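Following: one structure in structure tokens, then a few remarks.
It should be emphasised that the depicted structure is a prediction, and the values quoted were computed from it without experimental measurement. These numbers come from the heavy atoms of this one structure, side chains and all, not from hydrogens, waters or symmetry mates.
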Amino acid sequence: MSGEEEENAAELKIGDEFLKAKCLMNCEVALILEHKYEQLQQTSEDPLNQISQVFEKSLQYVKRFSRYKNPDAVRQVREVLSRYQLAEFELCVLGNLCPETAEEAMAMVPSITTKGRFQDDYAIDKMLNDLSMIKKFE
């Protein structure tokens with residue numbers, strides 16, 4: 001991004017390095033950290049000795065703010081959101097915050113209405129309904 005262009009997440013002007021980056025939702029990070037936590041416990045004679053306080057606090061945080069706990073549900077959320085041609089940043093914000101209405105989604109991620117991806121609120125509501133169904137049957 002040139003020095004003169006101002007970054008603006010509402011317009012998805014977040015810099016090339018962020019547009020190309022792979023983002024993870026809190027629920028995905030929780031699965032990864034839980035797996036690592038289990039590995040550390042199995043490989044250490046004193047499991048508490050190898051786990052840093054930062055690691056534990058990070059794990060607590062992502063578990064607390066994860067909307068989806070079941071690994072299959074986490075996979076389904078990413079699959080559903082990926083169908084809508086969202087940028088990674090948008091996908092993760094929507095997956096983490098789980099807006100209930102199109103208005104909430106557009107307020108949280110104004111850029112979803114750009115580039116012709118969603119022609120009307122109905123399309124956004126359909127995406128949000130798909131997410132709520134995953135949560136309901138989790």
Side-chain angles (χ1 to χ4, degrees):
M1 194 161 226
S2 71
E4 295 176 21
E5 240 182 290
E6 188 174 321
E7 292 184 4
N8 183 346
E11 297 174 10
L12 208 56
K13 293 181 181 176
I14 56 176
D16 289 340
E17 62 274 8
F18 290 110
L19 281 174
K20 294 175 185 173
K22 176 75 170 172
C23 298
L24 296 174
M25 294 178 287
N26 288 338
C27 53
E28 293 170 313
V29 174
L31 291 175
I32 293 167
L33 292 182
E34 285 174 346
H35 180 72
K36 183 65 176 172
Y37 184 81
E38 290 170 7
Q39 284 181 328
L40 290 172
Q41 286 184 318
Q42 290 174 358
T43 60
S44 176
E45 292 159 13
D46 182 10
L48 298 177
N49 200 20
Q50 283 202 344
I51 300 170
S52 74
Q53 187 175 8
V54 172
F55 182 93
E56 288 210 20
K57 294 285 184 189
S58 299
L59 178 57
Q60 288 172 6
Y61 175 87
V62 293
K63 286 173 82 173
R64 179 176 181 199
F65 292 105
S66 292
R67 302 290 183 146
Y68 306 93
K69 311 291 184 212
N70 180 313
D72 289 332
V74 172
R75 182 186 45 75
Q76 289 176 339
V77 168
R78 181 163 283 276
E79 285 175 6
V80 165
L81 291 173
S82 294
R83 291 182 207 144
Y84 293 93
Q85 301 170 334
L86 298 169
E88 285 285 321
F89 163 78
E90 296 167 320
L91 185 149
C92 289
V93 170
L94 293 172
N96 284 338
L97 300 178
C98 299
E100 294 182 7
T101 65
E103 292 78 26
E104 285 180 2
M106 291 184 290
M108 292 175 190
V109 188
S111 60
I112 64 174
T113 59
T114 62
K115 300 181 184 176
R117 293 176 290 178
F118 293 100
Q119 300 301 322
D120 54 26
D121 290 1
Y122 175 76
I124 296 172
D125 283 330
K126 170 145 180 25
M127 174 184 67
L128 299 177
N129 185 50
D130 291 346
L131 292 179
S132 69
M133 293 302 282
I134 294 169
K135 183 65 178 163
K136 185 184 286 186
F137 293 109
E138 182 180 32

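Side chain of Glu104 to main chain of Glu100: a donor-acceptor pair is present (N/O by atom type, distance under 3.5 Å, no hydrogens or angles). Remark: the backbone N or O of Asn96 is not paired with any side-chain donor or acceptor of Asn26 at under 3.5 angstrom. Distance alone, capped at 3.5 Å, places no donor-acceptor pair between the Asp130 side chain and the Met133 backbone.
Of all heavy-atom pairs spanning Leu81 and Leu91, the tightest one is CD1-O, 3.4 Å. Nearest heavy atom pair, residue Cys23 against residue Glu28, reads O-OE1, 4.3 Å.
In this structure, Lys135 places its NZ atom where more than 12 heavy-atom neighbours from other residues, nucleotides or ligands lie under 6.0 Å away. Atom NZ of Lys69 has more than 12 heavy atoms from other residues, nucleotides or ligands within 6.0 Å. Open room surrounds CD on Gln85; 12 or fewer heavy atoms of other groups in view lie less than 6.0 Å from it.
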Kindly determine whether Phe118 and Met106 satisfy side-chain contact (heavy atoms from CB on, under 4.5 Å), including the steps that lead there. CA-CA 10 Å; Phe118 293 100; Met106 291 184 290; over 6 Å; no
I would like to know whether Glu88 and Arg78 meet salt bridge (Lys or Arg N to Asp or Glu O under 4.0 Å); could you show each step before the answer? CA-CA 10 Å; Glu88 285 285 321; Arg78 181 163 283 276; 3.3 Å; yes
Run Ser58 and Val62 through side-chain contact (heavy atoms from CB on, under 4.5 Å) and show every step you take. CA-CA 6 Å; Ser58 299; Val62 293; 5.9 Å; no
Ile112 vs Leu94, test: side-chain contact (heavy atoms from CB on, under 4.5 Å). Steps then yes/no. CA-CA 10 Å; Ile112 64 174; Leu94 293 172; 4.2 Å; yes
Report the C-alpha distance between Met127 and Ile124 in whole Å, list the side-chain angles of each, state the deciding distance to 0.1 Å, and finish with yes or no for side-chain contact (heavy atoms from CB on, under 4.5 Å). CA-CA 5 Å; Met127 174 184 67; Ile124 296 172; 4.3 Å; yes
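Put simply, CD on Glu90 and OG1 on Thr114 are 6.5 Å apart, with the number rounded to the nearest 0.5 Å. To the nearest 0.5 angstrom, Glu38 atom CD is 7.0 Å from Gln42 atom CD. A distance of 8.0 Å separates CD of Gln76 from CG of Asn70, quoted to the nearest 0.5 Å. The CD atom of Gln41 lies 4.0 Å from the OH atom of Tyr37; values are rounded to the nearest 0.5 Å. Summarising the geometry, atom NZ belonging to Lys136 is positioned 7.5 Å from atom CG belonging to Asn129; distances are rounded to the nearest 0.5 Å.
At a threshold of 4.5 Å between non-hydrogen side-chain atoms, the residues Tyr68 and Leu31 do not count as touching. The closest side-chain heavy-atom distance from Leu24 to Ile32 is below 4.5 Å. Contact of the Pro99 side chain with the Leu128 side chain is registered, since non-hydrogen atoms from C-beta on lie closer than 4.5 Å. A heavy-atom distance below 4.5 Å is not found between the side chains of Arg67 and Met25.
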